[in-house]
Structures are given as structure tokens and as C-alpha cells.
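Take a look at the structure set out below.
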Amino acid sequence: MDPTAEAAPAAVDFIREIVADDQRTGRHGGRVHTRFPPEPNGYLHIGHAKSICLNFGVAAEYSGLCNLRYDDTNPTKEDVEYVESIEEDVRWLGFDWGDRTFYASDYFEALSQYAEQLIRDGKAYIDSLTADEIRDYRGTLTEPGRNSPCRDRAAEESLDLFQRMRRGEFPDGAHVLRAKIDMASPNINMRDPTLYRIRHASHHRTGDAWRIYPTYDYAHPISDAIEGITHSLCTLEFEDHRPLYDWVIEHTRPPFRPRQIEFARLNLNYTVMSKRKLLALVEQKRVAGWDDPRMPTIAGLRRRGYTPEAIRDFCARIGVAKKENVVDVALLEHTVREDLNRRARRALAVLRPLKIVIENYPEGREERVEAVNNPEDPAAGTRQLPFSRELFIERDDFMEQPPKKFFRLSPGVEVRLRYAYIVTCDRVVKDESGAVTELRCSYDPESLSGASASRRVKGTIHWVSAPHALEAEVRLYDRLFVSPDPGQDGRDPLTDLNPGSLERLTGARIEPSLAGAEAGTTVQFERLGYFCLDPDSRPEAPVFNRTVTLKDTWARIAGRG
RNA sequence: UGGGAGGUCGUUCAACGGUAGGACACGUGGCUCUGGACCACGUUAUCGGGGUUCGAAUCCCUGCCUCCCAGCCA
């Protein structure tokens, strides 16, 4: 037996199993071709990323191709703004579709030809019932529907009506083209579904050329066939539509027969994923826009500081199956931390500054201490940090009456200033209200980092030199919703919004080496988390978004007590 | 009381008649000039009931639960 065949097989999902099997048996001559088919009616989100990674991933792994195809069959909901954002996002995620950018609207002419053929074949007819009447005739989940009085209209008459619909002779809703299937089918999608409707609306690509537009159920299978899509991957809610997908292919007889396979869409706890709900957040100004860093959109994640690598890794880890699922956002956060830990340079920054004065450090003196840029990557080198008599430390790093296990600064306790000296707090200065305004400290001149006599202390805290530090705005993000399942039980998800999802800190101080960094730059502020320079930054007024905190064992311990 | 799909650790994915495993989360310890990273160890699962089989998460029967479908949305 071939020893390589005995090696533990990499776990592949059921879709890759099907694709591999088709390829092995020579189906379609071994050719694999997928497509990512967004409707340009909103921004892409992390759920789309799952589909993108699946479709492009399968194509790449089986030496195939993946098309980008806009499912733009409904002019009233779509817009060019969205097609531009979609291309940017897919590309940013790291995928390339060459020159294979397609639109369902590219096929409008072919689609209407196939429709006329269907009419001539007696497989479709023009129905002149109103939308309400059609609904009425459709029956219910438990009762069969009834045939429309128009169902037996002569093919010539339907054809004539269809052509006049196309010419714009009728108002919206006057007629529709319906497939003639079975009004008694237990599958409601087969009860003479609508294939074409009249829409006197201008389309973002075809302008006013068309007054009739095909429905998804009709356009999608034929678009797949035209492009030679071998595996048409979509989400579970289309499972019921597969018989219709197959019916369209069978009766319209395009030169190729694609196969639809359904998988479960991604759900994430503490967030919403439907474009409708995301649109509501944007339109009601509950967030700053589609790219608000709290949004689960690709644009939002990008601005937040997520990397394509992290998102792709996330998509690989969640897997693909048919079971409804709710993935823990902690996994997403884990994948960015892992990626950024490897790549982000470190910096010292103080979010909520507390001034300390080192009384035994000579006034006016300053020196440079050496700091490591990335302990995970020696090649990143080192930098010099200015040190002086007056510093800022994090307010959270000082407690006048510390609980046990608080390994930070408190009166009489020694801590190390990262990369610099060991200091102790001698005196606490307060204002009239009793709030701590300043600490008077002393340092051990023999304790400089790297020096041979390296005494050990329990805690190390970060700092910046007061006269050298730059001021910055820092935006701290928390989950957008307080509920793990926003809007469950039919509530308005907006009632579950987290009022504390954004905290802006305006007086943060960052080490001077960060001056002039470009928007999009990611750094780790040591002991705090990963931060990304926001496009709102100006050279003299940098703005940092917190991508994600570091894992914080102390917060967990403190939270328990 | 129509049709379709699905039920495996807290979560997610695997195991394709042969020791229920990985990741995240959680817990304990080690290491550490980031309470980070890293390392080690650990807790926790086959929806219920019958059957077939030497052997069942897997096959059969039955019950239960969940999700989707009555747009001229996708």
C-alpha cells in the first residue's frame, strides 16, 4: 500500500469532499469552477468572508477558478457604491478573480431569450393577477394552491405580453412571468414561481434599457450555467429552492449543468449579520458608517485593525457544515491576536496618564534606554526611548491600597519601569477631593535594564517620558451589543445595543517614535493591546483604534474578587 | 396536522461499523523585565427509546427538539 495514502487525511469539509470526488471521477473533465455572488445592496461582512474563503479556497485547492459575479437583478435595492466596496473588500481579503468580473445583468438578453423559449414550450406564462391575488392563489404551507385563471393562456398571447412588458407598455405589477410547474406542490417554491417582474426603475449598470427584471431563482441557475460553474455554493435557506434551480436548468436547457450545494451561514455571538440590520445601524446613525470599527463588515474590521490573514485563518478554523451555528467572537479575537503578536511592532503608550516625578533623578537630565521592537521577531531590531525625571504611567497601574496579587505600583512597593529602572512610590499627591494627581517616586540608579546587576521585582509597568511624549486620541471599542443574540425573540436588535461600545480617550500619551506613522499602521501598546492608526488622524493629532486587548489574566483575577 | 434540513465537549469542526479527537473558551502549574507570548497538565460531549452487529456517533425503526419556506427580495 502507498504509505502516503495511510497518512492521516486532512479533515476536509463535506463540500471539498464532493468536489474532490467529482474531480476524481472526472466529472466536468476534472474542471472546478466556483463563484462568489454578492448582491450589491450593502457592504460585505464577516459572514461573506466565510463564503469568499470557501469559494476561492475550493477553486484554488482543486486547480480551479472562482468568478466574482454580482447578483444585480433588483435595481431598486442596488447601487454602484456597493459594487466598488465589494471589489475592494474581496481584493483586500487576498483573493484574485483575474478579469472574471461578471454581472447577472450581463445576461439579461440571454435570460429573456430563454424565457421566451420557456413560454413557447408551454413552460411559462404571463399572469395578470395582482400580487395580492397571486399570494391568495398560492395556498398555504398546509393547503395546496389554485391555478391562476391566466395559467392556460395561449403561448402566443403570453409571448406577446412578455414582449410588450419588455417594451415598457405596462405599469409595475400589471403582469409577471411565471413558471408553469405545480400549484399543488408541497414545496411552495414550485407553485408557479415568478420569473420576471416589471420594474420601471433604472439599473445601476443597464440604465433604462430594461423594464422587466428576472428574479433570483430564474437568473441564478442560468448565470451559473453560462459561466460554467461546476459547484454553486450557497446558504441553507436556498435548500428548498434547489428543485427550482434544477427545474430551470432542465427546462431552459443551457449548454452546461451546474450543481447547487448548500452550507450553513456564519453567525457570531454579540453581533448581527443580516444586511438589513446592518443597514439599520448605519441609517439610524447608531454607528459612524459601514466602516465603523465596531461593525462586523470587512470595511469595519479593516479599520479596526484586523488583518486579512487573521480573517482567513478564522474562516479556516470555523469550518463548513450544514448545522446552524453561532461562533464565539472570542475565536475571531484569538486569530487577530495570534497574527498581530507575530507581526506588530511594540510601543509604549499610556492611555490614562498619571504623572510621576522621580525625585532623586537629576533635574534636566535625560537619557535613552533601549527597547525591543518585537520580541517575536528579532529582525525587527530595537529603538531608543527617552527617559527623564517626569513620566506618565497608567492610572490603573497604581493603587494606594492594593489587594494581594497586585503586582504594580503602590506606596513603598518596587516595580520595574519597562526597559528602564526600578522605582518605588514614596509619596502620593492628592487634590482637595482626595483624587490622586501625582506620585513622588525614587529610582535605583543601579537597576537599569540590561545592566548586570538585574534585581528582580514582581511587576513591570509601561510609561512614557512626560516632556517627550506625544498626545493622541485613543478609541476603545467593546462589543456593539450586550446580548449574545441581539434581537432574539423578535425584539428590535437596536434595544440590545451596548451604550459603552465606544470610549474615546483624548489625553493619551504615546512614545515619540510613533510620530509620523501612517494610517493603517498597527502596533502593540505593551500590556494593553493592539492598536491601529485611524484615517481620522492628522499629523499633529494621531487617533488610534484598539483592535483587541491583550489577554488579561489580571483582569480576570480582579474580576472574580 | 405540508415540505425541506439539522441534532457530538460551553462553542465550533472531526471521527465515513473498530480507542470519541483538534481548535477556541475555561481551570491549574511552569517560565517571563509585557499579569503578553510560550510550555505542560486538566475538566466537560454522541438528543431519548428500541433494534441489527463480536462491535454503533456512524446502519434500521421510533419518539423528541431546533432551523428554513406562503416576496413581483436575495
Side-chain angles (χ1 to χ4, degrees), chain A residues 11-13 17 37-39 41 71 73-74 76-77 127 129-131 134-136 138-145 172-178 185-191 193-199 212-213 215-217 219-220 234-243 262 264 269 275-276 314 316-335 337-338 341-342 346 348 372 375-376 405-408 415-420 422 447 449-450 454-462 524-529 549-558:
Chain A
V12 295
D13 55 73
E17 237 164 52
E39 183 188 12
N41 67 344
D71 232 325
T73 56
N74 187 351
T76 62
K77 295 192 173 176
D127 197 344
L129 256 25
T130 66
I134 287 179
R135 188 181 320 118
D136 227 50
R138 187 156 31 230
T140 68
L141 292 177
T142 52
E143 300 163 280
D172 286 9
H175 309 281
V176 290
L177 179 70
R178 289 229 259 169
S185 172
N187 181 345
I188 290 188
N189 296 302
M190 299 299 270
R191 317 239 262 230
T194 299
L195 269 23
Y196 266 93
R197 69 285 216 203
I198 300 171
R199 284 264 192 292
I212 55 173
Y213 293 92
T215 57
Y216 166 87
D217 282 319
H220 206 86
C234 65
T235 44
L236 251 28
E237 66 269 29
F238 294 104
E239 217 151 14
D240 282 348
H241 294 239
R242 190 175 353 119
E262 312 84 14
N269 58 14
K275 280 198 257 187
R276 203 192 88 249
F314 171 75
R317 290 190 195 221
I318 58 176
V320 178
K322 295 195 71 157
K323 191 173 69 123
E324 302 277 356
N325 60 82
V326 183
V327 174
D328 193 339
V329 282
L331 181 61
L332 219 209
E333 295 176 345
H334 173 263
T335 61
R337 281 197 192 99
E338 192 174 67
N341 174 52
R342 245 186 335 255
R346 318 278 128 129
L348 298 189
V372 172
E376 307 294 323
K405 301 249 211 128
F406 183 81
F407 303 144
R408 306 182 187 183
V415 289
R416 159 144 255 135
L417 295 176
R418 176 79 157 152
Y419 295 124
I422 291 173
S447 65
S449 285
S454 57
R455 289 197 290 124
R456 298 169 56 130
V457 290
K458 267 187 299 214
T460 298
I461 64 174
H462 57 274
Q524 181 197 99
F525 289 163
E526 291 208 27
R527 302 210 309 132
L528 297 171
T549 61
L550 256 22
K551 283 213 288 196
D552 191 346
T553 309
W554 167 246
R556 266 211 310 274
I557 295 168

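In what follows, every chain begins at residue 1, and chains take the letters A, B, ... in the order their sequences are listed.
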Item to check | Min side-chain heavy-atom separation Phe314(A)-Leu331(A) under 4.5 Å | outcome: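 Yes, side chains in contact.
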Next on the checklist: Syn if the chi torsion is within 90° of 0, anti otherwise; quick check, which is rG71(B)?
Outcome noted: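 Syn, since the glycosidic angle lies within 90° of 0.
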Item to check | Under-4.0 Å side-chain N/O to phosphate OP1/OP2 contact, Lys323(A) with rU8(B) | outcome: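 So the side-chain polar atoms of Lys323(A) do come within 4.0 Å of the phosphate oxygens OP1 or OP2 of rU8(B), strictly under.
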Checklist entry - rA37(B) phosphate, OP1 or OP2: any side-chain N/O from Arg527(A) under 4.0 angstrom? => result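 No, no such contact exists.
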Out of [options], whichever nucleotide has its closest atom nearest the side chain of [X]:
X         : options                   : result
Lys551(A) : rA70(B), rG36(B), rU12(B) : rG36(B)
Arg346(A) : rU12(B), rU34(B), rG2(B)  : rU34(B)
Glu17(A)  : rC16(B), rG36(B), rU12(B) : rC16(B)
Lys322(A) : rA5(B), rG35(B), rC72(B)  : rA5(B)
Asn187(A) : rG3(B), rA25(B), rC72(B)  : rG3(B)

Checklist entry - Base, sugar-phosphate, or nothing for Thr235(A), non-hydrogen atoms under 4.0 angstrom? => result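 Nothing, no heavy atom under 4.0 Å.
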Next on the checklist: Applying a 4.0 Å non-hydrogen cut-off, can you work out what Arg418(A) is touching in the nucleic acid: base, sugar-phosphate, or nothing?
Outcome noted: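 Here Arg418(A) touches the bases of the nucleic acid.
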Item to check | Residue pair Asn269(A) / Val326(A): nearest heavy atoms and the distance that separates them | outcome: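 Here Asn269(A) and Val326(A) meet closest at N-CG1, 3.7 Å.
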Checklist entry - Is the ring of Tyr216(A) stacked on the base of rA74(B), with centres less than 5.5 Å apart and planes under 30° off? => result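 It does not: the two rings, one from Tyr216(A) and one from rA74(B), miss the stacking criterion.
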Checklist entry - Toward the 5' end of RNA chain B, which comes first, Leu550(A) or Glu143(A), by nearest nucleotide? => result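 First, find each residue's nearest nucleotide; the 5'-ward one identifies Glu143(A).
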Item to check | Whole-Å C1' distance, rA25(B) and rG42(B) | outcome: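 It comes out at 14 Å once rounded to the nearest Å.
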Checklist entry - How many angstroms lie between CZ in Arg346(A) and CG in Leu528(A), if you round to the nearest 0.5 Å? => result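 So the gap between those two atoms works out to 12.5 Å.
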Checklist entry - Distance from Glu237(A) atom CD to Glu262(A) atom CD, nearest 0.5 Å? => result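 One gets 9.5 Å once the value is rounded to the nearest 0.5 Å.
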